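One structure below.
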Amino acid sequence: MMAIHAGAALLAGGWAKDVRIVCDEGSISSVETGVSPQPQDERHAVIVPAMPNLHSHAFQRAMAGLAEIRGPGDDSFWSWRTVMYKFALSMTPDHVEAVAAQLYMEMLEAGFGRVGEFHYLHNDRDGSHYGNIAEMAERIGAAASQTGIGLTLLPVFYAHSGFGGQAPIDGQKRFIHSLDSYEKLMQGAQAVVDGLPGATLGIAPHSLRAVTAEELSAIEPLAKGGPIHIHVAEQTKEVEDSLAFSGARPVEWLLENAPVDGRWCLIHATHMAETETRGMAKSGAVAGLCPITEANLGDGIFPAPAFLAEGGHYGVGSDSNILISVPEELRTLEYSQRLSHRARNVIADAGRSTGEKLFRQALEGGGRALASRNGLEKGKSADFVALDISAVSYLPISQILDQWIFAGGVSVDSVWMRGKKRVQAGRHIHRREISDRFNKVMAELLDS
Ligand SMILES: [Zn+2]
């Protein structure tokens, strides 16, 4: 049992003062407000729940910052994908584990508590399955275990290079599964999750480019009621290809042909017509927004005001993992809306903190998308963050999230996962060994 006393904490109902949180066996056993600290309590100024990171491709952390050189012609998402395939083709299971551990450590240091790993680097370098078909999923599990991050493992079903079941290209050979081999992979993934406290399992049909309608319905039962994540409408070319193939836009097609509901998370959903935006919001599916990656890849801007007006849910993910930052994901989301609508405080309520609104919505939507029990409440997993506000101690508590997200002066001090402290004074407790191994692996990868 351990107890923390916070000057202020963000509870389900809003900010509360003098909060005492007691944790037992990984869960929160009580939350009291307006109470004094007990002598044994660890004391902090501000505690907030850890933010879910609903979309990550761990191996892509290895190429962060390495695709920022313009090609000979117009540059685009598709040139980035060429660099990504080069990395994807060279990494071994040891590389993937080291890179994922570095990434998950950085996520915890940033204040993320759980990752939705949209895991698609499955096969050996020649495209054959590993002797243990879930080898790479086990490496993801090992990285989660070493760092202590919460894992929602989403093994990807990837079978084709384009709409209508087109044969995969050579650069995709490490991602490919048949329906039969995918079922075996899911059994292996279940064992990974069973061995990790607090981990959950879902499925991830990669995209409508990579999965046919028949395959999509065939794999759906393998989710067993857990999350279903899919990339959709990230690029305008994908919308054009979808229209050419089926006469429907990607989100429109999904809403008409798949049982989209609250278990689903539609990653990106950037390019939607108004009817799609409305239909998606009404379906209960979470929009998996990846603002930093979407800006980096020049994807486009999510239609947030229309989606939120219909009661839509969203969360944030770091996707390509070019930069890991809770405040920057939320800031980029809000700033993209401001630039596109030429307005201020777009994802906001009149007279209320915009930062708090962004934070709470992403917390709630991310939790839904990852089937996780987050929030500072009795019975929930003890996953939370102490913020260092010493540089802005003059501010009222209601301004702290605005300061963190838009201005600076606030940073992550400590992070607890399942009641165990994993980050202290801004550094992961295993930072040295994890980053030493990562640096060695990166030198190998860039040398080859
Ligand atoms: Zn993605």
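Heavy-atom basis, side chains included; hydrogens, waters and symmetry copies ignored. Computed from a prediction, not measured in an experiment: that's the story for all the values here. Ligands are counted one by one from 1 in listed order, and the atoms in each one are counted from 1 as well.
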Just to confirm my numbers, could you give the angle made at the Zn ion (ligand 1) by NE2 of H231 and NE2 of H55, rounded to 10°? 90°
Within the stated cut-off of 2.8 Å, is an N/O/S atom of E234 closer than that to the Zn ion (ligand 1)? no
Please state whether the separation between the Zn ion (ligand 1) and some N/O/S atom of H57 is under 2.8 Å? yes
Taking the six-membered ring for Trp, are F175 and Y85 ring centroids under 6.0 Å apart?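 For F175 and Y85, the ring centres are under 6.0 Å apart.
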Centroid-centroid under 6.0 Å between H55 and H229 rings: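 H55 vs H229: aromatic centres not under 6.0 Å.
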Using the side-chain hydrogen bond (donor to acceptor under 3.5 Å, both in side chains) rule, pick out the option among E117, E109, H428 that qualifies with Y104. E117
Does the side chain of F163 come within less than 4.5 Å of T212's, by heavy atoms?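 Not in contact.
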By atom name, which N, O or S atom belonging to D319 lies closest to the Zn ion (ligand 1)?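 Relative to the Zn ion (ligand 1), the closest nitrogen, oxygen or sulfur of D319 carries the name OD1.
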